[in-house]
Amino acid sequence: MSSETWDGDDESAAGRFVPLYVLVNGRTAPRDSTLDLATQVVALTVDTRRLEPEYLEIVRRCSGWISVAEIGAYLRLPLAIAKVMVDVLVEQGYLAVGTPAQQKIIDKHLLDQVIAGLERL
Amino acid sequence: MDRTSVKVVVAGGFGTGKTTLVASVSEIPPLTTEEILTEASLGVDDTTGVEGKTTTTVALDFGRITISPDVVLYLFGTPGQDRFWFMWDELAQGAVGAIVLVDTRRLDSSFPAVDYFERRGIPFITAVNRFFGECAYTEDEIRGALELDERVPLVWCDARDRESGKLALITLVRHAMARLRVRA
Ligand SMILES: Nc1nc2c(ncn2[C@@H]2O[C@H](COP(=O)(O)OP(=O)(O)O)[C@@H](O)[C@H]2O)c(=O)[nH]1
Ligand SMILES: [Mg+2]
């Protein structure tokens, strides 16, 4: 298998090849297409005893609101995989989903809040 | 119970200070996550079965700013290489807009970013990272080189400085709001 590396900057060519079959439950994309890397999720109080360890680890990370990107970073899961796994957990009632970033219906009130928040920094 | 995400993209050529800016305004040290690039997204012909398909990964850094108990702003730095445009689409989706960092020693390295947001009608501002305090160009010269529309704000910044990063962010959000008003 060939391999190539690229570290996210142009100084070196990094990256490794990952077979697609590692993607979960035969899914390569989440069913909920609004599930974005900035979308936040939080664990619901339900019985997690039947969850596989990889899923349980995600639910444990979600004791407070956390984005899909953060889950990927902390658990070292590629985003595509984090997204599909989070989607499965949402569908099965383990996680609740927050409001995703959305340009089209972005309202003035929200942006006012953002400016006020930034000014307080 | 709800939590709203707001997204901002930090773009620009390699070495223009994207990671530095994210780090200076983020409340957590920047995190790195990887995205899988499929052959389709890289434009490779797909002739094999699922098991034979391979992908490569690209790393991206991001940070966060808690705006209020209900709202968190996420800042995503773009990967620097042009062949990863598909990643830009994912980052730009739903974003308030973008800050395009410009290094005056290599103005042209930020041109693809300006062009990308311009074409898609995504609100953006340019932030000229002065690095060593000196700048050989006037604002007009920079605007000319980047073919900037006169309505696109240009701010001078030091990506290492939190206040400077804050100012760039506030300028972007104000610009995005002004555009909303125009559209309505
Ligand atoms: N002097 C100076 N150096 C900077 C500034 N911004 C970034 N740098 C440095 O320039 C280099 C590239 O910055 P980085 O944030 O990694 O660029 P990126 O490739 O766009 O993420 C790093 O060594 C930074 O420390 C600045 O405003 N002034
Ligand atoms: Mg960087």
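Below, chain A is the first sequence line, B the second, and so on; all start at residue 1. Just so we're clear, the structure is a prediction, and the values are computed from it rather than from any experiment.
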Report task. Indicate if B:Ile170 and B:Leu167 have the same hydrophobic cluster label, given that clusters are the connected sets of ILVMFWY residues with side-chain heavy-atom separations under 4.5 angstrom. Result -> no
Report task. Look at the side-chain heavy atoms of Ile, Leu, Val, Met, Phe, Trp and Tyr, link any pair under 4.5 Å apart, and say whether A:Leu75 and B:Leu60 land in one connected group. Result -> yes
Report summary line: Greatest number of non-hydrogen atom pairs under 4.5 angstrom with chain B, of A:Leu37, A:Val41, A:Asp112, falls to A:Leu37
Distance in Å, [X] [atom1] paired with [Y] [atom2], rounded so as to fall on 0.5 Å steps:
{"X": "A:Leu121", "Y": "B:Glu163", "atom1": "CG", "atom2": "CD", "answer": "8.5 Å"}
{"X": "B:Ile67", "Y": "A:Leu118", "atom1": "CD1", "atom2": "CG", "answer": "4.5 Å"}
{"X": "B:Met87", "Y": "A:Leu79", "atom1": "CE", "atom2": "CG", "answer": "6.0 Å"}
{"X": "B:Leu172", "Y": "A:Leu111", "atom1": "CG", "atom2": "CG", "answer": "9.5 Å"}
{"X": "A:Gln113", "Y": "B:Asp70", "atom1": "CD", "atom2": "CG", "answer": "7.0 Å"}

Query raised in the report: Considering all heavy atoms of both residues, which atom of A:Ile66 and which atom of B:Tyr74 are nearest to each other, and what is their separation?
Result: C-OH, 4.5 Å
Report task. Provide the closest heavy-atom pair for B:Thr4 versus A:Gln40 in the form atom of the first, atom of the second, distance. Result -> O-NE2, 3.4 Å
Requested in this report: Give a yes or no on whether the backbone of A:Thr99 and the side-chain of B:Asp2 come within a donor-acceptor separation of less than 3.5 Å.
Outcome: yes
Query - Heavy-atom donor-acceptor pair, B:Ser5 side chain to A:Ala101 backbone, under 3.5 Å - result: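 Between the backbone of A:Ala101 and the side chain of B:Ser5 there is no qualifying donor-acceptor contact (under 3.5 Å).
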Answer with side chain, backbone, both or neither: which region of [X] has an atom nearer than 4.5 Å to a non-hydrogen atom of chain A?
{"X": "B:Ile65", "value": "side chain"}
{"X": "B:Leu73", "value": "side chain"}
{"X": "B:Glu90", "value": "both"}

Query raised in the report: What do you reckon, is CZ of B:Arg106 surrounded by more than 12 foreign heavy atoms closer than 6.0 Å?
Result: yes
**Report entry** Note: B:Arg174-A:Glu119 ion pair, threshold 4.0 Å (strictly below)
**Finding:**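 Salt bridge between B:Arg174 and A:Glu119, a charged N being under 4.0 Å from a carboxylate O: yes.
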Query - N-O pairing of A:Glu70 and B:Arg64 below 4.0 Å - result: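 A salt bridge links A:Glu70 with B:Arg64.
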Query raised in the report: Is there side-chain contact between B:Val96 and A:Val114, with heavy atoms separated by less than 4.5 Å?
Result: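 Side chain of B:Val96 against side chain of A:Val114, heavy atoms only: no contact under 4.5 Å found.
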Report task. Kindly indicate whether the side chain of A:Val42, heavy atoms from C-beta on, has any atom under 4.5 Å from the side chain of B:Arg3. Result -> no
Report task. Identify which part of A:Leu77 has an atom lying under 4.5 Å from any heavy atom of chain B, answering side chain, backbone, both or neither. Result -> backbone
